[in-house]
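Working notes, structure below.
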Amino acid sequence: QERLLANAFFEVRPIDGLLLKANFGIDRNYQKLKQYMPTTTLYGQRENGAASIAQGDNSDYLMELTANYTKQVGDHNFNALVGHSYQLFTYEMFSGKSNDFITDGFLYNNLGAGNAKRPTVESSATKSRMASFFGRLNYTFKDRYLLTATLRADGSSVFALGKKWGYFPSVALAWRINEENFLKNVDAISNLKLRLSWGQSGQCAIDPYQTVGLLGNSTYSFNNEGAYGFYPKTMSNKELTWETTTQYNLGLDFGFFNNRISGSIDIYKAETRDILMNRVIPSINGYASVMENIGKTESTGVDLTLSTVNIQNKNFSWFSDFSLSHNREKIKELASGQLKDEANAWFVGEPFKVFYDYKKEGIWQLGEEAAAAANGQEPGDIKVQDVDGNGVITTDDRIIYSQRPDVTFGFNNTFNYKGFDLSVFLYARLGQWIAYDYNTTYRINALENGGNVDYWTPENPTNAFPRP
């Protein structure tokens with residue numbers, strides 16, 4: 001693996017207060033994987049030696065041109081910036097595979113020496129572009145009152161004609177309260193800043209060519225011989241457009257005792273429309289899914305950060321950082337106009353990421369044969385809750401389990417003693433449902449290797465796992 005990160009810039013000041021700057025950058029990531037499975041391995045013995053070579057080249061090129069003007073008039077400070085940026089993203093991949101070699105000596109250096117009936121050769125390439133025009137104005141009065149206004153116009157080649165451009169304004173106000181005369185001489189307050197902002201941002205993180213549809217190749221019989229053909233692989237969607245998030249934020253930054261205690265509190269509300277997601281569709285359409293702008297969501301929350309300098313002297317220091325986040329997300333609207341999309345587990349009023357499943361009550365036990373038989377089950381099978389109370393288990397008895405945590409927090413402590421560092425970090429998410437990976441080791445036939453599972457048997461009437 002090889003990676004090149006390079007950056008170069010040129011700047012000039014033609015007049016007082018004006019800075020013209022040109023910035024150029026490249027991020028190139030090249031990877032190559034060579035592999036040979038000799039006949040001394042199980043797989044290599046079956047294939048009589050198997051060799052493969054795969055390489056990928058992922059590059060990101062950036063050009064950014066800006067003009068920055070600064071001016072001070074008495075207690076008024078102005079800063080204006082305008083600019084243009086252009087990014088080019090390219091990706092190329094090539095791979096080759098073969099097997100059935102007369103010797104292991106070639107390794108992966110002579111794929112043509114393999115006697116494979118159909119050696120595998122694959123290649124692909126993608127290219128996308130992003131162009132942006134932007135402007136920003138900063139204004140400060142007496143270093144107490146601050147105003148920032150921005151406007152971006154972003155264009156992406158991943159969208160179709162007429163949908164490529166998005167426009168995203170924002171405005172922010174701030175008040176440094178500790179600079180006011182009534183707090184300026186309060187030594188205990190190092191920083192007290194009130195913030196209020198509104199802004200929009202765009203998202204275009206989808207693969208190229210989603211708007212035109214892609215072809216896939218497949219083998220078929222032609223004149224009693226194998227042949228390659230092509231078929232529509234992905235459904236095109238020429239209506240794809242920018243995912244846009246509008247956010248309102250109220251925040252307070254604080255610092256006390258020369259910033260030995262500092263932090264911030266933020267209350268926010270974010271509304272996202274035209275969300276870009278893959279939607280599962282019935283395979284009768286010829287496709288399994290399609291990329292769409294599927295609806296709107298709303299997210300509200302509170303973020304708290306707190307940093308403290310507990311001890312700091314010549315030989316020993318102890319710093320603590322605490323963060324707490326509470327977030328509520330819900331779908332406000334689906335593009336279909338419906339209240340739910342069960343195939344994708346999307347429900348208006350619920351988060352995007354949920355599990356939609358039955359609620360397990362336990363395991364049917366001996367003596368409950370009649371009740372279990374009403375749903376085509378028997379002792380040892382999973383007993384689920386009859387949510388609607390009609391005495392029959394149907395798909396209407398499924399319930400929604402949110403994958404979004406109610407609270408997320410982290411607590412980090414950093415200790416330093418005479419040049420030695422120690423960090424202790426605690427992270428937690430509370431109030432969410434997860435897919436417990438250990439349960440994937442459960443093998444219902446009880447024959448394959450797996451975890452130590454508490455199966456139900458007549459001699460072990462557990463409520464943990466059903467009968468094998």
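Values in this document were obtained by computation on a predicted structure and should not be read as measured data. Positions are given from 1, in the same order as the sequence printed here.
A donor-acceptor pair under 3.5 Å is formed between the side chain of His326 and the backbone N or O of Asp406. At distances below 3.5 Å, not a single donor-acceptor pair connects side-chain atoms of Ser289 with backbone N or O atoms of Val280.
With no hydrogens or angles considered, no side-chain donor-acceptor pair links Asp274 and Thr241 at under 3.5 Å. Under 3.5 Å, the side chains of Thr246 and Glu271 contain no donor-acceptor pair of N or O atoms. Thr408 and Ser325 are not linked by any side-chain donor-acceptor pair at a separation below 3.5 angstrom, with hydrogens and angles left out of the test. Asn191 and Asn259 form no side-chain donor-acceptor contact under 3.5 Å, judged by distance and modelled atom types alone. In summary, the side chains of Thr66 and Asn68 do not present any donor paired with an acceptor at a separation below 3.5 Å, with no hydrogens or angles considered. Side-chain atoms of Thr462 and Asp454 form a donor-acceptor pair, as typed in the model, at a separation below 3.5 Å. For Ser299 and Asn327, the side-chain atoms include at least one donor-acceptor pair closer than 3.5 Å.
Among pairs with a residue in residues 346-358, none fulfils side-chain hydrogen bond (donor to acceptor under 3.5 Å, both in side chains), at least two apart in sequence or across chains.
Asp57 contributes atom CG, which lies 12.0 Å from atom NZ of Lys32 (distance to the nearest 0.5 angstrom). Rounded to the nearest 0.5 Å, atoms CH2 (Trp198) and OH (Tyr248) are 7.0 Å apart. Separation of atoms NZ (Lys193) and OG (Ser264) is listed at 11.0 Å; rounding is to 0.5 Å. Taken to the nearest 0.5 Å, the CG atom of Leu250 stands 10.0 Å off from the CD1 atom of Ile265. Put simply, CZ on Phe319 and OG on Ser307 are 10.5 Å apart, with the number rounded to the nearest 0.5 Å. A distance of 10.5 Å separates CG of Leu81 from CG of Leu137, quoted to the nearest 0.5 Å.
Between Glu180 and Trp175, the closest heavy-atom pair is OE2-NE1, 2.9 Å.
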Can you check side-chain contact (heavy atoms from CB on, under 4.5 Å) on Lys21 and Phe9, steps first, answer last? CA-CA 7 Å; Lys21 185 175 181 179; Phe9 70 90; 3.8 Å; yes
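A salt bridge links Glu342 to Arg398: at least one charged side-chain nitrogen sits closer than 4.0 Å to a carboxylate oxygen.
Environment of NZ in Lys97: sparse, with no more than 12 heavy atoms of neighbouring residues, nucleotides or ligands closer than 6.0 Å.
Of the candidates Ser132, Pro169, Ser170, Arg152 forms a side-chain contact (heavy atoms from CB on, under 4.5 Å) with just one, namely Ser132.
Aromatic pair Trp165/Phe159: centroids not less than 6.0 angstrom apart. Phe254 and Phe256 have their aromatic ring centers within a separation under 6.0 angstrom.
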